[in-house]
Novice: 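Following this message is one structure expressed as structure tokens.
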Amino acid sequence: MTTVPAVSPAPSAAPAAGSPAEAAAPRRRRFPAWLAVVPLLAFTALSFGVPALAMLNGAFTAKDPSGGASHYTTANMTASLGGAYLTALAGSVKLSAVSAVIAAVLGLLLGQAVVTSRHQTLREAVLTASGVLANFGGVPLAFAFVATLGNAGVLTTHLHLADHGWSLYSFWGLVITYLYFLIPLMVLTVVPALDGLRAQWREAAQNNGATTFQYWRHVALPVLTPSLLGGFVLLFGSAFAAYATAAAMVGSSVPLVTLQIADAISGNVLIGQENVALALSLDMVLVAGLVMAVYLPLQRRSARWLD
């Protein structure tokens, strides 16, 4: 019997390049990835860049009282760094530094208590309350403290604090008021860093005979130092930029740069000092820029340790 070899079917011909089928296939265009951030860059330039340029231009511009042409000068910056303006700037730095130090210490203790707590409900409640209180400020906060610790406040009357020389409308009164929103902000900042402390580090310290104090002194605090310093810088910036609370509570009795800016703009002291107010604003921006220059490297260093 003769065997007929099987014949494999001929392969179908591939469509030739430039065929109508290939031409009809949709083509996907790839856009550069940086185009996705164009709306954000435009919004940033409009919201921050334009006001910053206007402030910079006004800080170095002097207006002619007779209506003549304006000219560039450093007189506004010189005035902002002398006299009552310098006193106000130093007062704001002092108030912010003292408030930030106290809030950093108390926030660290409260954050550690939250992290080591065995009750998840307590942790969630404290963190939720901290998120709310960290954003509670301005006139409502000032009114709450005036009603509680003012000259005729509830606690002032019942505890007879006025007989002991207590006054809410002072430097330390502002410090206590600022702690109301700075401590919760520190809790939100330091809790993630405390969560990053590994249990193996404590166990290794205990196995080597270290006490709790020695563990915190030689292990935990050195690791947490960048986060703590970064939290302090963040608290300092928040207190330094606060205005409405101090304006509603103390007015001009406590020299602060934000209050001086408001007085210069409104002409409460001298007419035509708007450009000096812009110079004071530029001083605040420079201080804030210095704060951020310290804060960002600390955050990066902390992230390397706690990742």
Side-chain angles (χ1 to χ4, degrees), residues 48-103 137-139 142 167-179 182 229 232-296:
F48 297 97
V50 174
L53 291 177
M55 178 186 62
L56 184 63
N57 178 72
F60 290 95
T61 302
K63 296 181 179 180
D64 191 348
S66 61
S70 302
H71 60 281
Y72 288 101
T73 179
T74 59
N76 297 325
M77 295 298 300
T78 303
S80 69
L81 296 176
Y85 298 129
L86 181 60
T87 303
L89 182 61
S92 291
V93 171
K94 179 182 176 182
L95 175 64
S96 303
V98 172
S99 303
V101 169
I102 298 175
V139 177
S167 176
L168 179 66
Y169 316 110
S170 61
F171 175 85
W172 288 107
L174 274 180
V175 169
I176 293 176
T177 306
Y178 280 19
L179 292 180
L182 291 181
L229 293 178
F232 166 79
V233 169
L234 182 62
L235 299 182
F236 178 90
S238 299
F240 188 70
Y243 163 72
T245 302
M249 276 185 53
V250 300
S252 59
S253 60
V254 177
L256 297 176
V257 65
T258 51
L259 303 181
Q260 287 288 347
I261 291 174
D263 290 339
I265 291 177
S266 60
N268 289 343
V269 181
L270 294 174
I271 303 299
Q273 296 296 307
E274 296 83 1
N275 287 0
V276 176
L278 294 176
L280 289 170
S281 302
L282 183 59
D283 294 338
M284 292 189 66
V285 170
L286 294 177
V287 174
L290 179 62
V291 166
M292 293 304 299
V294 176
Y295 174 69
L296 294 177

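Only a predicted model underlies this, so the values are computations on that prediction, with no experimental measurement involved.
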Novice: When rounded to the nearest 0.5 angstrom, what distance separates CG in Leu95 from CZ in Phe236?
Specialist: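 These two atoms lie 9.5 Å from each other.
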Novice: State which residues pass side chain to side chain donor-acceptor pair (under 3.5 Å) with Asn76; sequence neighbours excluded, sorted by chain then number.
Specialist: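 By the side chain to side chain donor-acceptor pair (under 3.5 Å) rule, Asn76 matches no residue at all.
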Novice: Looking at every non-hydrogen atom in both residues, tell me the closest pair between Ala241 and Met284 and how far apart they are.
Specialist: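 Heavy atoms of Ala241 and Met284 come nearest at CA-CE, 4.2 Å.
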Novice: Show every ring pair (Phe, Tyr, Trp, His ring centres under 6.0 Å) that has at least one partner inside residues 274-294, sequence neighbours left out.
Specialist: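 Non-adjacent pairs meeting ring pair (Phe, Tyr, Trp, His ring centres under 6.0 Å): zero.
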Novice: So do Phe240 and Leu89 actually touch side chain to side chain, heavy atoms under 4.5 Å?
Specialist: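 Touching, per the 4.5 Å side-chain cut-off.
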Novice: Within this structure, what is the CG-CD1 distance for the pair Asp283 and Ile261, rounded to the nearest 0.5 Å?
Specialist: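 That separation rounds to 8.0 Å.
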Novice: Looking at every heavy atom in both Ala62 and Thr73, which two are closest together, and how far apart are they?
Specialist: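 Scanning both residues, the minimum pair turns out to be CB-CG2, 3.4 Å.
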Novice: Taking all heavy atoms of Ala242 and all of Tyr178, pick out the closest pair and write down the distance.
Specialist: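 So the two residues come closest at CB-OH, 3.6 Å.
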Novice: Provide the closest heavy-atom pair for Leu256 versus Ala246 in the form atom of the first, atom of the second, distance.
Specialist: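 Taking every non-hydrogen atom into account, CD1-CB, 3.6 Å.
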Novice: Counting distance only, does the side-chain N/O of Ser96 pair as donor-acceptor with the main-chain N or O of Val93 below 3.5 Å?
Specialist: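 No: the side chain of Ser96 does not pair with the backbone of Val93.
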Novice: Output yes when a side-chain donor or acceptor of Thr245 lies under 3.5 Å from a complementary backbone atom of Gly138, and no otherwise.
Specialist: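 It does hold such a pair.
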Novice: Go through the steps for Thr61 and Asn275 under the test side-chain hydrogen bond (donor to acceptor under 3.5 Å, both in side chains), then give the verdict.
Specialist: CA-CA 7 Å; Thr61 302; Asn275 287 0; 5.4 Å; no
Novice: Would you compute the distance between atom OG1 of Thr177 and atom CG of Leu182 and round it to the nearest 0.5 angstrom?
Specialist: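 Between Thr177 OG1 and Leu182 CG, I get 10.5 Å after rounding to 0.5 Å.
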Novice: Roughly how far, to the nearest 0.5 Å, is the OH atom of Tyr169 from the CE atom of Met249?
Specialist: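 Interatomic distance, Met249 CE to Tyr169 OH, rounded to 0.5 Å: 7.0 Å.
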Novice: In Å, rounded to the nearest 0.5 Å, how long is the span from OG of Ser99 to CG of Leu235?
Specialist: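 Reported to 0.5 Å precision, the distance equals 9.5 Å.
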Novice: Minimum heavy-atom separation for Ala97 and Phe232, please, with both atom names.
Specialist: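 Answer, listing the atom of Ala97 first, then Phe232: O-CE1, 3.8 Å.
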Novice: Tell me if a side-chain donor or acceptor on Ser92 pairs with a main-chain N or O of Val257 at a distance below 3.5 Å.
Specialist: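 Yes, the answer is positive, given that a donor and an acceptor are paired below the 3.5 Å cut-off.
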Novice: Nearest 0.5 angstrom please: Leu234 CG to Leu229 CG, how far?
Specialist: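 Leu234 atom CG to Leu229 atom CG measures 12.5 Å (nearest 0.5 Å).
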Novice: With a 4.5 Å heavy-atom cut-off, do Val276 and Gln260 have their side chains touching?
Specialist: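 SC-SC contact between Val276 and Gln260 ruled out.
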Novice: Between Ala59 and Leu282, what is the shortest heavy-atom contact and its length?
Specialist: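 Heavy-atom minimum between the residues: CB-CD2, 4.0 Å.
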